[in-house]
Peer 1: 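Could you have a look at this structure, given as structure tokens, before my questions?
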Amino acid sequence: MDKIDPRARWIFSFAFLLSATMFWNATFLFIFFILAIIWYYFGKTKWKETRHGWFLISIMLFSMIVINTIITGGGAGGVVPPGGHVIWPQKFTIPLVNWEINFGLTVERLWFSLCQLMRLGGISLIFLLIPYTMDSRAYGATFHGLGMPDNVAYTMELAIRFIPTLARDLSVTLDAQKARGYEIEKVKGGIFKKIARIAPLLVPVTMNAIIGSEDVANAMDLRCFGQAKRTWIYPLEYHWWDYALIGFSALMLVGSIVAAHILDLGGFWTPEWFMNLFA
Amino acid sequence: MAEKKKSIWKFGTREVVFAAIGAALYAVLGYATNVLQLPGAGNVSIRPAVVIPMFFGIAFGPIVGFISGFVGNILADLLSGWGFWFWWDLGNGIMGLIPGLFAGMIVDYKAVKSLLLGELSVILGSGVGMGVASLSEMWVSGADMNTVIFANFIPSFVSNIVNGLILLPILMVAYAAVVQRSGRN
């Protein structure tokens, strides 16, 4: 993965995103999902590195698939036609409190949740890999290479360089305020008081960063920033495998457009064998 | 303070640095609060840091506001391991861009009129930005309009305007003191 040019990787990632989101047909989504697993495998990331990211993604998938599709049915409303084959009681009563719940889980909604898992899971596999396998020092050159103006691409690179400094300032400010009796963890008070309690941390960090940035801007001006075409410390170079990946990405995107919009194969449908499982 | 017309679309060296500072600040503060997920709301977390792109928009113009939100959200998500969610990044960018459109009307950051304009920009920016991002869920995850409104738009919009309405005036008043002391705007 490290040998692939970051520009080719962004092109592939976006082509994958655009292609996968054209389909609700499980066959195509399965192909995309397998492709994403293979791509993720080549990243050679360790579980220890990515487990925090997967924890956050699993919260998102749980909320979108279990809560929005399986329990409330809202997540499926835009794609799955109304009605369907009910496999869970339309109504059931919770003992003791006698609450009546209208659940009505259908085979179609259950199949749709599998499709959602493949589609969102595939997209997550592709994009989760980026921060763990792409050198952040090459971001500026990458976005410049993808057609962004020099100023905007350099902003991205500069922002990455500022992160450790600002994180340290935040930590120092937090310690200094705590020494003065500041309690960010204090649970008393409503939501408004809790948000306002962030101010003693937010204001000094933001204002110090703005004051300090004047020096950075002056230094850049003295070095004639923006006066001529920019060069990059980490120049990027395409290899044959990068061209092959870009070609594959283009083919995937064009193939998806043809399959989904011309041949009309992208729509959602529930296979007979899955229906029979619940017959 | 003498009133003068500001060019809000300028993107020179100072704006490059301010946009980078805004994006990095949003990433660092967003990272610190990204784990506070709203229960039952897809892809939405409570972030007091949302005020950063709004404030950078108000103070330095729409391009700086947009980049602070767009790049800052990308970096915050990358730092938290969330991956890359283009439409939510775009929504966060718009949340900084719209307050930036008010930048030309604001000279004295602690005047009541300026603070009211700032508050108005928070509501408009959050509404349009989170609207665009929430609607993308119809395309990406196949949600219907009800889910988009109740699970994505309302939680993110309400959370962002509450954070913005409380914290933006505080930052504007603090910045007024910085401007007065440094003599630059």
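Numbers restart at 1 for each chain; the letters A, B, ... are given by sequence-line order, proteins then strands.
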Peer 1: For chain B, find which of A:Thr206, A:Val66, A:Val152 contributes the most heavy-atom pairs closer than 4.5 angstrom.
Peer 2: A:Thr206
Peer 1: Taking side chain as C-beta onward, heavy atoms only, is B:Phe60 less than 4.5 Å from A:Ile210?
Peer 2: yes
Peer 1: Under a 4.5 Å cutoff for heavy-atom pairs, which residue among B:Val51, B:Ile170, B:Val17 has the most contacts with chain A?
Peer 2: B:Val17
Peer 1: With a 4.5 angstrom heavy-atom cut-off, which part of B:Ile21 approaches chain A: side chain, backbone, both or neither?
Peer 2: both
Peer 1: Under 4.5 Å from any heavy atom of chain A, what part of B:Ile52 do you find: side chain, backbone, both or neither?
Peer 2: side chain
Peer 1: So which atom in A:Ala217 and which in B:Thr13 form the shortest heavy-atom distance, rounded to 0.1 Å?
Peer 2: O-CG2, 3.6 Å
Peer 1: If I compare all heavy atoms of B:Phe18 with all of A:Glu214, which pair ends up nearest, and what's the gap?
Peer 2: CZ-OE2, 3.9 Å
Peer 1: Is there a side-chain contact between A:Thr155 and B:Val71 in this structure, where contact means two heavy atoms from C-beta onward sitting under 4.5 Å apart?
Peer 2: no
Peer 1: Testing the basics here: between B:Leu171 and A:Met207, what is the closest heavy-atom pair and its distance to 0.1 Å?
Peer 2: O-CE, 3.5 Å
Peer 1: Identify which of A:Val216, A:Asn151, A:Leu158 forms the greatest number of heavy-atom pairs closer than 4.5 Å to chain B.
Peer 2: A:Asn151
Peer 1: If I measure from the heavy atoms of chain A, does B:Leu25 come under 4.5 Å with its side chain, its backbone, both, or neither?
Peer 2: both
Peer 1: Considering only distance and modelled atom types, tabulate donor-acceptor pairs under 3.5 Å from the side chains of residues 159-168 of chain A, sequence neighbours left out.
Peer 2:
unit_1	atom_1	unit_2	atom_2	d
A:Arg161	NH2	A:Glu157	OE2	3.0

Peer 1: Is it the backbone or the side chain of B:Phe55 that comes under 4.5 Å from a heavy atom of chain A, or both, or neither?
Peer 2: side chain
